[in-house]
Every structure is written in C-alpha cells, then in structure tokens.
Enquirer: 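Please find one structure pasted underneath; my questions will follow.
Just so it is clear, the model here is predicted, and its values are computed rather than measured.
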Amino acid sequence: IGRNERDLGRGSIDRLNGGRGEDVFVLGDRNGVFYDSGRNNNAGRSDYAQIRDFRPGEDKVQLNGRFDDYVFNEAAVAGRNGLEIYHDSNNNSRWDSRDELIGHIVGVETARPDYFLFA
C-alpha cells in the first residue's frame with residue numbers, strides 16, 4: 001500500500017451528504033481504516049467524516065474489517081447529535097482514549113449491523 005492509500009482522510013474533517021437514492025459512505029476498505037490520525041495516544045478527533053444525511057434502510061457506511069472492530073458512542077460532534085464511530089485500536093471491545101474516531105452519523109443514536117458494509 002502506498003502512502004496515499006494509508007492516509008485517506010488523515011488530517012481532514014469531511015462533511016458528507018449523499019443526496020437522493022441509496023448511498024454508501026466509505027470510511028474504510030480492504031486496505032485499512034480511513035481517518036486514522038496515526039497516533040495511538042489520542043482519539044483522533046482532528047480527522048473524521050461526518051455523515052449528514054444518513055437514511056437507515058437505504059444508506060450504508062463501509063468500514064474495514066468487521067463490526068466487532070468498532071465501538072460506538074452517542075454524542076454531539078460539531079454541534080450535531082449522532083453516533084460516533086471509533087475504530088477499536090486496542091481491541092478491548094470498549095471505548096477508551098486509544099480508540100480512533102473515524103466517523104459521526106448525524107441523527108443516528110444506535111449502531112445496527114445492517115447500517116454497515118465491511119471490506
């Protein structure tokens with residue numbers, strides 16, 4: 001994997017809107033997790049994607065790995081309530097300061113496996 005593929009989203013905060021129809025918001029693929037700050041000592045809140053128009057039952061969020069590789073937390077980010085998506089960087093199945101914020105889904109309160117696709 002080249003440097004650019006590993007660094008997708010690093011250092012940026014992106015606000016994503018999908019529009020009409022079914023959308024797939026890609027926050028990771030088979031090459032890895034996007035929006036990873038690369039630092040294991042903080043939650044990486046300076047780079048993530050905020051999904052602003054997620055429609056349950058229509059839209060999906062694509063992540064690397066599997067559902068158990070992530071932890072979820074209901075919280076406000078940038079003044080908007082929703083669901084934070086953290087990559088469980090230390091694999092302990094609970095949120096802590098070493099996990100990496102990669103996404104925030106506005107208006108969603110609970111993580112359901114059918115909201116996600118995995119690569």
Enquirer: Return the minimal non-hydrogen interatomic distance between Ala75 and His104, and the atom names on each side.
Expert: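 Taking every non-hydrogen atom into account, O-NE2, 3.1 Å.
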
Enquirer: Can you find a heavy atom in the side chain of Gln50 that is under 4.5 Å from one in the side chain of Val77?
Expert: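 Gln50 vs Val77: side chains touch.
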
Enquirer: Describe, in one word, how the ring planes of His87 and Tyr70 are oriented to each other, choosing from parallel (under 30°), tilted (30 to 60°) and perpendicular (over 60°).
Expert: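 Rings of His87 and Tyr70: perpendicular, as their planes differ by over 60°.
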
Enquirer: Can you name the side chain to side chain donor-acceptor pair (under 3.5 Å) partners of Gln62, sequence neighbours left out?
Expert: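 Here no residue qualifies.
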
Enquirer: Specify the closest pair of heavy atoms between Gly32 and Asn64, including all atoms of both residues, with the distance to one decimal.
Expert: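 Nearest heavy atoms, Gly32 then Asn64: O-CB, 3.3 Å.
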
Enquirer: Search all heavy atoms of Tyr35 against all heavy atoms of Glu100 and return the closest pair with its distance.
Expert: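 Scanning both residues completely, I find the closest heavy atoms to be O-OE2, 3.4 Å.
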
Enquirer: To the nearest 0.5 angstrom, please state how far the CZ atom of Arg20 sits from the CD atom of Glu58.
Expert: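 Those atoms lie 12.0 Å apart.
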
Enquirer: What class does the angle between the rings of Phe72 and Phe116 fall in, given that below 30° is parallel, 30 to 60° is tilted and above 60° is perpendicular?
Expert: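 Answer is tilted, since the angle falls between 30° and 60°.
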
Enquirer: Do the side chains of Leu27 and Ile85 get nearer than 4.5 Å, heavy atoms only?
Expert: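 Of all side-chain heavy-atom pairs linking Leu27 with Ile85, at least one is under 4.5 Å.
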
Enquirer: Picking from Leu83, Val61, Val106, what satisfies side chain to side chain contact (heavy atoms under 4.5 Å, CB included) with Ile51?
Expert: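 Per the side chain to side chain contact (heavy atoms under 4.5 Å, CB included) rule, the option paired with Ile51 is Val61, out of Leu83, Val61, Val106.
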
Enquirer: Under the salt bridge (Lys or Arg N to Asp or Glu O under 4.0 Å) test, which residues partner Glu74, sequence neighbours left out?
Expert: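 Partners of Glu74 by the salt bridge (Lys or Arg N to Asp or Glu O under 4.0 Å) criterion come out as none, since no residue qualifies.
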
Enquirer: Might you point out which heavy atoms bring Asp59 and Asp53 nearest each other, and give the distance in Å?
Expert: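 What the structure gives for the nearest pair is OD2-O, 3.3 Å.
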
Enquirer: Does the Asp23 side chain pair with the main chain of Phe54, one donor and one acceptor, at a distance under 3.5 Å?
Expert: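 No: the side chain of Asp23 does not pair with the backbone of Phe54.
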
Enquirer: Please find the pair of heavy atoms, one from Phe34 and one from Gly28, that lie closest to each other, and give the distance.
Expert: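 So the minimum-distance heavy-atom pair works out to CD1-N, 3.6 Å.
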
Enquirer: Could you give the distance from CG (Leu63) to OH (Tyr115), rounded to the nearest 0.5 Å?
Expert: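 If we round to the nearest 0.5 Å, Leu63:CG and Tyr115:OH are 14.0 Å apart.
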
Enquirer: Can you check whether Ile13 reaches Tyr48 side chain to side chain, under 4.5 Å on heavy atoms?
Expert: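 Yes; the side chains approach each other to less than 4.5 Å.
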
Enquirer: Measuring only between side-chain heavy atoms, which start at C-beta, is Asn90 closer than 4.5 Å to Asp99?
Expert: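 Side chain of Asn90 against side chain of Asp99, heavy atoms only: contact under 4.5 Å found.
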
Enquirer: Could you list all the salt bridge (Lys or Arg N to Asp or Glu O under 4.0 Å) pairs where at least one residue sits in residues 82-96, not counting sequence neighbours?
Expert: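 Salt bridge (Lys or Arg N to Asp or Glu O under 4.0 Å) check on residues 82-96 returns Arg45-Glu84.
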
Enquirer: Tell me the salt bridge (Lys or Arg N to Asp or Glu O under 4.0 Å) pairs involving residues 109-119, sequence neighbours left out?
Expert: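 Only Arg112-Asp114 qualify under salt bridge (Lys or Arg N to Asp or Glu O under 4.0 Å).
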
Enquirer: With Phe25, which residues qualify under ring pair (Phe, Tyr, Trp, His ring centres under 6.0 Å), at least two apart?
Expert: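 Applying ring pair (Phe, Tyr, Trp, His ring centres under 6.0 Å) to Phe25 gives none.
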
Enquirer: Please give me the minimum heavy-atom distance between Phe118 and Gly65, naming the atom from each residue.
Expert: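 Where Phe118 meets Gly65 most closely, the heavy atoms are CB-O, 3.0 Å.
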
Enquirer: Name all residues meeting the side chain to side chain contact (heavy atoms under 4.5 Å, CB included) criterion together with Ala76; count only those two or more places apart in sequence or in a different chain, and write none if there are none.
Expert: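 Side chain to side chain contact (heavy atoms under 4.5 Å, CB included) list for Ala76, sorted by chain: Asn81.
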
